Number of protein chains: 2
Amino acid sequence: MSSRRPTISDVARTAGVSPSTASVVFSGKAAVAETTRQRVLDAAASLGYTGPDPRAASLRRGRSGIVGVVFEEHLGAAFRDPVKTLMMDGLADGVAPLGAGLLLLRDHSPGGTEPTLMTAPLDAAVLIGCSGMLRESLAVVTARGIPVVVIEGDAGEGIPRIALDNREAQRQAASHLRAHGHADVAVVALPVRAGWERGWIAHDEPIEIDVTRERLAGARDVFPHARIFSAAGSFIDEGLAAGRALFADPSARPTAVIAQSDLLAAGVIRAAEEAGLRVPDDVSVTGFDGVVVDGLAPYELTTLVQPAVDKGRAAGHAVAAMLGGDPAVSIRFTCDFREGNTTGPVTARAAEQPMSVPR
Amino acid sequence: MSSRRPTISDVARTAGVSPSTASVVFSGKAAVAETTRQRVLDAAASLGYTGPDPRAASLRRGRSGIVGVVFEEHLGAAFRDPVKTLMMDGLADGVAPLGAGLLLLRDHSPGGTEPTLMTAPLDAAVLIGCSGMLRESLAVVTARGIPVVVIEGDAGEGIPRIALDNREAQRQAASHLRAHGHADVAVVALPVRAGWERGWIAHDEPIEIDVTRERLAGARDVFPHARIFSAAGSFIDEGLAAGRALFADPSARPTAVIAQSDLLAAGVIRAAEEAGLRVPDDVSVTGFDGVVVDGLAPYELTTLVQPAVDKGRAAGHAVAAMLGGDPAVSIRFTCDFREGNTTGPVTARAAEQPMSVPR
DNA sequence: TTGTAAGCGTTATCAT
DNA sequence: ATGATAACGCTTACAA
């Protein structure tokens with residue numbers, strides 16, 4: 001009907017009050033006489049005014065109520081990872097007090113039209129991992145005074161991080177295996193770098209991804225010579241493929257496998273079953289993350305439970321604090337070792353097999 | 001150093017040009033002499049200006065470059081569903097030409113501070129499902145002229161929908177089973193309503209969730225008397241539990257199971273194995289969705305492949321079209337029947353078993 | 001190719 | 001409790 005959408009001024013005029021009064025009616029930031037209030041509301045209703053335009057409000061306020069979440073990967077891939085999903089949950093919680101929503105951002109925008117760290121109206125940003133490409137945009141964002149927090153990654157300089165005791169935690173699992181008498185242990189690792197194809201890796205292979213490197217270091221603290229098969233991602237099928245590689249040669253089977261994620265561990269277990277091995281009697285398997293692996297029952301993984309939700313929540317709190325003017329703080333979370341039924345002592349049958357030769 | 005962040009006017013002044021020229025340098029919307037351009041860029045660099053403030057730009061332009069995605073559930077739960085994940089992928093694609101990003105929004109805001117359909121600076125909104133609670137906010141949003149599209153749900157009135165031929169598709173799978181001689185078929189259904197606990201349902205049970213009801217109707221078109229076990233969600237473990245219920249009584253085992261999702265089907269298969277039944281020799285199983293079920297190999301589900309990515313993309317296109325002033329269009333997608341290795345003819349051994357009695 | 005000018009719709013501040 | 005005023009920072013006709 002009307003040529004343009006009504007504004008708060010229109011409402012004010014109709015109600016016979018000033019724009020500031022009308023504004024206050026909608027924001028509730030100050031007391032308004034009930035009769036006035038009602039008059040404004042009626043005017044709004046009659047004009048079809050549905051409340052302040054968030055765009056204008058955010059300009060004036062200097063806040064958009066939006067927190068950007070930046071992923072390194074394709075969005076679809078990111079959400080297949082249960083740990084990331086849990087983190088998102090925590091993050092949503094953590095920024096809730098801020099009244100903020102989460103804007104999904106991809107690291108690299110091929111088309112160029114997508115919103116980026118630089119073009120989106122963000123109040124703050126949370127990076128999940130931090131590859132090289134991102135560093136550049138990061139400089140821009142911090143220059144603009146937008147708080148940034150990095151989860152599982154290093155953005156250098158004074159950017160607060162939400163970290164995990166990956167190495168120490170993984171060492172715990174390894175020690176657990178050693179205490180059970182395991183000596184011939186293999187590692188099924190997360191990817192070595194972006195775009196990695198699955199395969200065995202040499203002992204001096206440079207590992208670009210922080211999480212992979214740290215967890216591997218923990219395993220090597222206990223088993224320096226463990227063979228390492230690096231998967232192409234944290235998926236059950238990748239673990240299955242890795243497990244097949246591990247168990248292919250009956251004369252060189254490890255008695256235990258340290259998987260760097262629960263999904264990989266689940267795949268390894270499946271490969272073991274396929275090879276006629278029983279878990280944990282013939283081979284012990286440890287995971288990492290402590291997520292619920294759909295369909296893994298009746299197994300209960302021996303794993304490191306990481307506080308994924310808390311990590312997300314902490315990131316949310318961190319940006320909230322920074323927005324409030326408080327100094328940025330890095331936090332390091334700790335994993336809990338949880339013994340399930342996928343690890344056990346080396347048995348006669350397992351030990352009977354010829355030891356595999358490292359390398 | 002400076003008391004406030006530099007604006008484009010500051011840059012213009014420093015460069016000795018007008019604000020509009022500086023603006024154009026950053027937006028690239030018009031030709032600028034190279035020397036002028038460089039002068040502006042230098043000025044920006046010297047002032048530490050990192051580009052136009054997106055908030056101001058969005059007010060002026062009337063576009064924020066943000067599309068809201070509204071979920072009924074907890075974010076974490078939503079992303080555990082591979083179909084939703086795929087849809088998000090398609091959606092991200094679909095809104096890309098718009099240059100828009102996706103803002104995650106939850107249906108229900110317990111705290112009350114969360115951004116909502118009404119308070120977020122959205123150009124458009126996509127609802128995944130549409131529960132009652134949402135209807136109200138919807139009115140507000142549409143009143144404001146913000147385009148809205150609903151995927152898998154009914155928002156009433158003239159709100160465009162992205163739908164699926166659930167009933168017809170499910171009927172195809174059922175017919176396939178009948179053609180193979182199956183007569184004693186059970187259905188493992190998606191939840192009957194929000195908050196549903198798994199269990200058998202009576203034939204007159206009212207089913208509140210559209211998808212569940214439609215797919216069930218398709219199955220009943222062929223097998224009116226099929227017993228129905230409704231799971232609490234689309235998860236492998238739910239399918240496993242359902243399968244156990246189905247196979248518990250050896251004297252009342254169905255020769256085929258119609259699962260309303262691939263994840264449920266995967267669980268049913270696992271339950272079958274657990275019960276010592278071979279798939280498809282002893283029991284045939286069909287799924288729905290056509291997603292890759294991590295860890296299901298070597299089975300390949302007989303299923304209905306739904307174009308999940310396309311659905312998302314279509315939703316993106318739809319809002320893009322609406323933003324362009326074109327009329328809203330509802331789209332109905334079609335599933336493809338795909339025969340895998342989880343269905344087959346009724347065998348002597350399966351038929352040998354006593355038929356189960358419906359009800 | 002560059003400049004001028006007029007908002008975009010709201011809210012914070014300060015008076016009254 | 002209400003109102004007047006002045007930004008918030010930018011973009012885009014239109015004019016030069």
Side-chain angles (χ1 to χ4, degrees), chain A residues 2-40 43-44 47-65 99 118-123 144-146, chain B residues 2-40 43-44 47-65 99 118-123 144-146:
Chain A
S2 73
S3 58
R4 78 189 212 313
R5 220 146 275 300
T7 74
I8 204 170
S9 300
D10 298 329
V11 173
R13 198 174 320 112
T14 305
V17 302
S18 78
S20 42
T21 300
S23 173
V24 165
V25 167
F26 287 103
S27 73
K29 292 229 191 251
V32 181
E34 181 54 29
T35 61
T36 319
R37 209 182 90 83
Q38 205 44 251
R39 211 146 23 97
V40 170
L47 291 179
Y49 179 78
T50 53
D53 180 335
R55 279 180 286 260
S58 85
L59 171 58
R60 179 59 238 228
R61 287 197 159 115
R63 287 284 168 84
S64 65
M118 298 164 58
T119 63
L122 305 179
D123 288 345
R144 188 180 271 161
I146 294 180
Chain B
S2 72
S3 57
R4 77 188 211 315
R5 221 147 276 299
T7 73
I8 205 170
S9 302
D10 298 329
V11 173
R13 198 174 319 113
T14 304
V17 302
S18 77
S20 52
T21 301
S23 174
V24 166
V25 167
F26 288 103
S27 72
K29 293 231 190 247
V32 181
E34 181 53 30
T35 62
T36 321
R37 208 182 91 84
Q38 206 45 251
R39 206 141 32 91
V40 170
L47 291 178
Y49 180 78
T50 52
D53 180 335
R55 281 180 284 261
S58 84
L59 170 57
R60 178 60 236 230
R61 288 198 157 116
R63 287 284 168 85
S64 64
M118 299 163 59
T119 64
L122 305 179
D123 288 345
R144 185 179 274 159
I146 293 181

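Given the structure is predicted, the values throughout are model-derived calculations rather than measurements. Throughout, protein chains are lettered first and strands after them, A, B, ... in sequence-line order, and every chain is numbered starting at 1.
The pair B:Arg60-B:Asp53 fails the salt-bridge criterion, with no side-chain N (NZ, NE, NH1 or NH2) lying under 4.0 Å from an Asp/Glu carboxylate O.
The CG-P distance, from A:Leu59 to C:dG7, rounds to 17 Å in whole Å. Taking atom CZ on B:Arg13 and atom P on C:dT4, their separation rounds to 13 Å, with Å as the unit. Residue A:Arg5 contributes atom CZ, which lies 17 Å from atom C1' of C:dT10 at whole-angstrom precision. Following rounding to the nearest Å, B:Arg39 (CZ) and C:dT2 (C1') show an atom-to-atom distance of 11 Å.
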For B:Arg61 and B:Asp123, run salt bridge (Lys or Arg N to Asp or Glu O under 4.0 Å): C-alpha distance rounded to whole Å, both residues' side-chain angles, the deciding distance at 0.1 Å, then the answer. CA-CA 11 Å; B:Arg61 288 198 157 116; B:Asp123 288 345; over 6 Å; no
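Counting any heavy atom pair closer than 4.0 Å across all strands shown, A:Thr36 reaches sugar-phosphate atoms only and no base atom.
With sequence neighbours excluded, no residue forms a side-chain hydrogen bond (donor to acceptor under 3.5 Å, both in side chains) with A:Thr36. For the side-chain contact (heavy atoms from CB on, under 4.5 Å) test, residues two or more places apart in sequence or in another chain that qualify with B:Ser23 are B:Ile8. With sequence neighbours left out, the salt bridge (Lys or Arg N to Asp or Glu O under 4.0 Å) criterion links A:Asp10 to A:Arg4, A:Arg13.
Taking a heavy-atom distance under 4.0 Å as the criterion, the stretch of DNA chain D touched by chain B extends 5' to 3' from D:dG9 to D:dT12.
Residues from residues 17-27 of chain B that place a heavy atom under 4.0 Å from any atom of DNA chain D, listed by number: B:Ser20, B:Ser23.
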For nucleotides 14-16 of chain C, print each protein N/O atom paired with a nucleotide N/O atom at under 3.5 Å, atom names and distance only.
none

